[in-house]
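Proteins come first, then strands; the chains are lettered A, B, ... in the order of their sequence lines, and each starts at number 1.
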2 protein chains.
Amino acid sequence: MKLSTKGRYAVTAMMDLAIHDHQGPVTLADISQCQGISLSYLEQLFAKLRKEGLVEGVRGPGGGYRLGRPSSQISIAEIINAVDENIDVTRCLGSKDCHGGEKCLTHQLWEDLSGRLYEFLDNLTLASFINRPEIREVARRQDTIASRIATMFPPRPTIGVAVNASC
Amino acid sequence: MKLSTKGRYAVTAMMDLAIHDHQGPVTLADISQCQGISLSYLEQLFAKLRKEGLVEGVRGPGGGYRLGRPSSQISIAEIINAVDENIDVTRCLGSKDCHGGEKCLTHQLWEDLSGRLYEFLDNLTLASFINRPEIREVARRQDTIASRIATMFPPRPTIGVAVNASC
DNA sequence: AAGATACTGAGTAATTCAGTCGGGAATTAA
DNA sequence: TTAATTCCCGACTGAATTACTCAGTATCTT
């Protein structure tokens with residue numbers, strides 16, 4: 001279990017997908033612009049997320065990424081594990097001994113802690129975050145803004161700099 | 001909130017101190033040998049732990065490090081924060097805006113998650129780990145082995161390679 | 001057919017990790 | 001007083017990781 005900026009990028013991006021799940025797929029270009037992460041870097045992260053089945057890509061115009069499963073069935077732990085993929089190998093993993101034969105005490109304690117942490121993050125789903133009322137309110141408001149803008153400039157895909165109201 | 005190998009080193013080392021708290025200070029050389037971490041690297045980590053008051057150093061022969069507070073008053077979150085010191089700056093920290101004026105939604109969600117994680121780790125103290133009965137049993141057994149060896153070679157500080165039974 | 005989008009892989013500067021080295025400063029034991 | 005032991009401090013270094021760039025291919029919609 002490792003947790004770094006990379007993991008944060010992945011989690012916030014997944015939250016983005018979850019929020020806009022009912023609308024179409026979300027493009028990486030949107031997320032990139034929204035969160036200030038490079039597009040290619042996002043592509044690398046999403047390659048890993050896709051490999052784990054957490055997202056699915058839709059190609060072509062109007063495409064983007066969608067959640068691979070309902071947000072209630074995607075845990076934070078899964079997302080972090082997908083991109084950080086560091087199984088945190090202690091020097092004396094499993095039955096291997098550090099020194100004296102039996103697995104050393106502190107490593108047992110660490111495994112204990114690590115397990116508790118994983119359990120904690122595995123019980124937090126994407127849905128448990130985005131379903132809170134104040135969040136739904138903001139998302140709703142942004143949707144209406146977005147749709148209002150969409151009404152003002154109807155079918156044309158991009159007019160200069162895209163106004164992205166979903167951030 | 002960041003969590004890496006570095007944090008693990010710090011936590012396991014602190015657990016080591018906690019376990020042997022009733023005996024004298026623990027030397028970094030011991031921990032280094034026990035856990036297979038370089039001595040100088042440990043020194044750097046402990047410099048940070050000391051700055052936060054989590055440990056106190058005792059110089060001279062028979063010296064080493066002691067917990068700065070009772071193990072019941074040291075949380076895992078504190079330890080990790082002391083060495084990882086990454087306050088996890090999102091691009092739109094505080095009142096700054098990512099794009100549209102108000103703090104973006106996903107960053108609010110991340111802060112929420114980050115807060116929950118911190119709270120979780122802040123409620124886990126060193127004591128809550130080492131006070132579990134099976135741990136106390138192992139520690140006790142190691143203590144008796146250590147004291148038995150100490151009885152066999154009484155006052156002399158080091159005889160060749162130190163036999164470290166506390167791993 | 002054209003354009004938008006996901007995909008893939010090679011390469012790269014900057015940062016962090018983990019370690020080495022060389023030297024102090026304080027304390028205890030001889 | 002001397003020597004050994006330990007903490008303490010700072011500069012440097014190779015290796016790994018981060019985050020990014022570029023350049024291209026595959027697939028889909030219009």
Margin query: Taking salt bridge (charged side-chain N to carboxylate O under 4.0 Å, His left out) as the cut-off, I'd like each qualifying pair that reaches into residues 40-49 of chain B, sequence neighbours left out, listed once.
Written below: B:K48-B:E85
Checklist line | Residue closer to the 5' end of DNA chain C, A:T27 versus A:P61 (nearest nucleotide) | finding: A:P61
Calculate the interatomic distance between [X] atom [atom1] and [N] atom [atom2]; express it in whole Å.
X	N	atom1	atom2	value
A:L42	C:dA6	CG	P	10 Å
B:L45	D:dC7	CG	C1'	15 Å
A:K48	D:dT17	NZ	P	10 Å

Next item on the list: Measure from the side-chain heavy atoms of A:Y9 and tell me the nearest of C:dG19, D:dT6, D:dA19.
Entry: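 Shortest atom-to-atom distance from the side chain points to D:dA19.
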Check: Base, backbone or nothing for each nucleotide of nucleotides 7-17 of chain C, written B, S, -, heavy atoms under 4.0 angstrom, 5' to 3'?
Finding: BB--------S
Check: Can you list every side-chain hydrogen bond (donor to acceptor under 3.5 Å, both in side chains) pair that touches residues 118-130 of chain B, not counting sequence neighbours?
Finding: B:S75-B:D122
Notebook entry, point to check: So which heavy atom on A:I74 is nearest to which on A:L54, and how close?
Noted result: CD1-O, 3.8 Å
Notebook entry, point to check: Who are the side-chain hydrogen bond (donor to acceptor under 3.5 Å, both in side chains) partners of A:R69, not counting sequence neighbours?
Noted result: A:E78
Checklist line | Sugar-phosphate, base or nothing in reach of B:L39, heavy atoms under 4.0 Å | finding: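 Nothing, no nucleic acid heavy atom in range.
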Next item on the list: Report the residues that fulfil salt bridge (Lys or Arg N to Asp or Glu O under 4.0 Å) with B:R50, sequence neighbours left out, ordered by chain and then residue number.
Entry: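 Partners of B:R50 under the salt bridge (Lys or Arg N to Asp or Glu O under 4.0 Å) test: none.
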Margin query: Restricting to side chain to side chain contact (heavy atoms under 4.5 Å, CB included), what partner residues turn up for A:R66, sequence neighbours left out?
Written below: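 Checked A:R66 against side chain to side chain contact (heavy atoms under 4.5 Å, CB included); matches are A:D21, A:P25, A:E56, A:V58.
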